[in-house]
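All values derive from a computational prediction rather than experimental measurement. No hydrogens, no waters, no symmetry mates; every other heavy atom, side chains included, goes into these values.
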Amino acid sequence: MGGRGTAVQGPRRLRRQAAAALVLCGALTLTACNGDGNGGDTGAAGTSPGASPASPSATASSSAAPGGAAPSASAASSKKPAPTTTPPAKPKPPAPGPACASKDAVSPDEIAVYRYTPEGGQYSLIVKHGHWGCPVAGGATPFVTVGEETYIPIAEDAKIGAHAPILSGSANKPITTHELTSWLETHPNKGLVFHYNVNKAGVIDTLGQEEYTS
């Protein structure tokens, strides 16, 4: 009996020791695993030891790039583009012309004679009133007419003086009313300028051709 008991207790003790060893080993293994897990958690929460932080030079260059580019862009925008073409020069004001009569001015005793009419049993000259215009270089001074044609009766015995082109020569010579109307009939609308005078009835009694005509 005693021999069997000893033989049986030996293997049990060995199994207990083996189990204790396994338990110890398992505890050590768990301890080691927990240690690795804590270390990994620490690396995820903070900066990973293996990861290299951004270099100061890269950070400085990246932060300085926008600030450095802004002055150049603003400077470029502040520069005004140079004009491509020269603006045309303003025209000079025209030189003042000679003193002339106003366009509305009318000579009180001068008319331009164009035609005549015998209507109403009396000769009437078809005329326009006007004034002398500005002198023309190298030409005759024009008589500028104003308004529309009008009729002025002329006496049959009016004193009339005429020269070229009605008569030959540049000095006035006396002609009759009939001679004047005959010339106007064959040479209408010439606009020869005459100075005139009317009587109380408003009829021309004196008519003289001007020496300077248009």
Side-chain angles (χ1 to χ4, degrees), residues 75-214:
S77 62
S78 63
K79 292 182 179 179
K80 295 182 179 179
T84 56
T85 58
T86 303
K90 293 182 179 180
K92 295 181 179 179
C100 302
S102 170
K103 290 183 179 181
D104 296 330
V106 174
S107 176
D109 59 354
E110 290 176 307
I111 53 175
V113 179
Y114 292 92
R115 299 179 304 280
Y116 86 99
T117 178
E119 293 181 4
Q122 184 179 19
Y123 290 120
S124 294
L125 300 180
I126 301 175
V127 304
K128 275 188 175 183
H129 295 274
H131 60 84
W132 293 104
C134 299
V136 179
T141 302
F143 185 79
V144 182
T145 58
V146 178
E148 299 180 354
E149 292 180 345
T150 187
Y151 300 84
I152 303 178
I154 183 170
E156 291 186 6
D157 58 351
K159 295 179 180 180
I160 304 172
H163 59 267
I166 298 175
L167 300 175
S168 60
S170 58
N172 275 351
K173 299 176 183 179
I175 62 173
T176 66
T177 300
H178 179 70
E179 288 176 322
L180 175 63
T181 56
S182 296
W183 188 89
L184 290 174
E185 187 173 357
T186 57
H187 302 83
N189 301 320
K190 292 297 182 180
L192 298 181
V193 180
F194 291 81
H195 60 269
Y196 72 102
N197 183 71
V198 296
N199 57 24
K200 293 180 179 179
V203 178
I204 295 175
D205 58 5
T206 304
L207 187 70
Q209 186 179 355
E210 293 284 1
E211 295 182 0
Y212 302 98
T213 59
S214 58

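Nearest heavy atom pair, residue P153 against residue S124, reads CA-OG, 3.5 Å. Here the closest non-hydrogen pair linking G191 and A112 is O-CB, 3.9 Å. Between P142 and C134, the shortest heavy-atom distance links the atoms CD-O, 3.4 Å. The two residues I154 and V203 have their closest heavy-atom pair at C-CG1, 3.6 Å. For the residue pair E110 and W132, the shortest heavy atom distance occurs at OE2-NE1, 3.0 Å. For the residue pair T176 and E179, the shortest heavy atom distance occurs at N-OE1, 2.9 Å.
For the atom pair OH (Y196) and CG (L125), the distance works out to 10.5 Å, reported to the nearest 0.5 Å. From I111, atom CD1 reaches atom CD1 of I126 across 11.5 Å, with rounding to the nearest 0.5 Å. Interatomic distance, I166 CD1 to I160 CD1, rounded to the nearest 0.5 Å: 9.0 Å. With rounding to the nearest 0.5 Å, the separation of NE2 in H129 from CZ in F143 is 9.0 Å. The line from OH of Y114 to NZ of K190 is 12.5 Å long, rounded to the nearest 0.5 Å.
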Audit row: D205, K159, side chain to side chain contact (heavy atoms under 4.5 Å, CB included) steps and yes/no: CA-CA 6 Å; D205 58 5; K159 295 179 180 180; over 6 Å; no
Side chain to side chain contact (heavy atoms under 4.5 Å, CB included) evaluation trace for V113 with L180: CA-CA 11 Å; V113 179; L180 175 63; 5.8 Å; no
Test side chain to side chain contact (heavy atoms under 4.5 Å, CB included) applied to W183 and L192, step by step: CA-CA 12 Å; W183 188 89; L192 298 181; 3.5 Å; yes
Stepwise side chain to side chain contact (heavy atoms under 4.5 Å, CB included) check, Y123 with L184: CA-CA 12 Å; Y123 290 120; L184 290 174; over 6 Å; no
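The closest side-chain heavy-atom distance from H131 to V144 is below 4.5 Å. Residues T177 and D157 form no side-chain contact, since every pair of their non-hydrogen atoms from C-beta on lies 4.5 Å or further apart. Counting heavy atoms from C-beta on, the side chains of H163 and N172 come closer than 4.5 Å.
At least one donor-acceptor pair under 3.5 Å links the side chain of Q209 to the backbone N or O of A164. Side-chain atoms of H195 never come within 3.5 Å of backbone atoms of D109 as a donor-acceptor pair (strictly under, hydrogens ignored).
A 6.0 Å sphere centred on CD of E156 holds no more than 12 heavy atoms belonging to other residues, nucleotides or ligands. Atom NZ of K128 has more than 12 heavy atoms from other residues, nucleotides or ligands within 6.0 Å.
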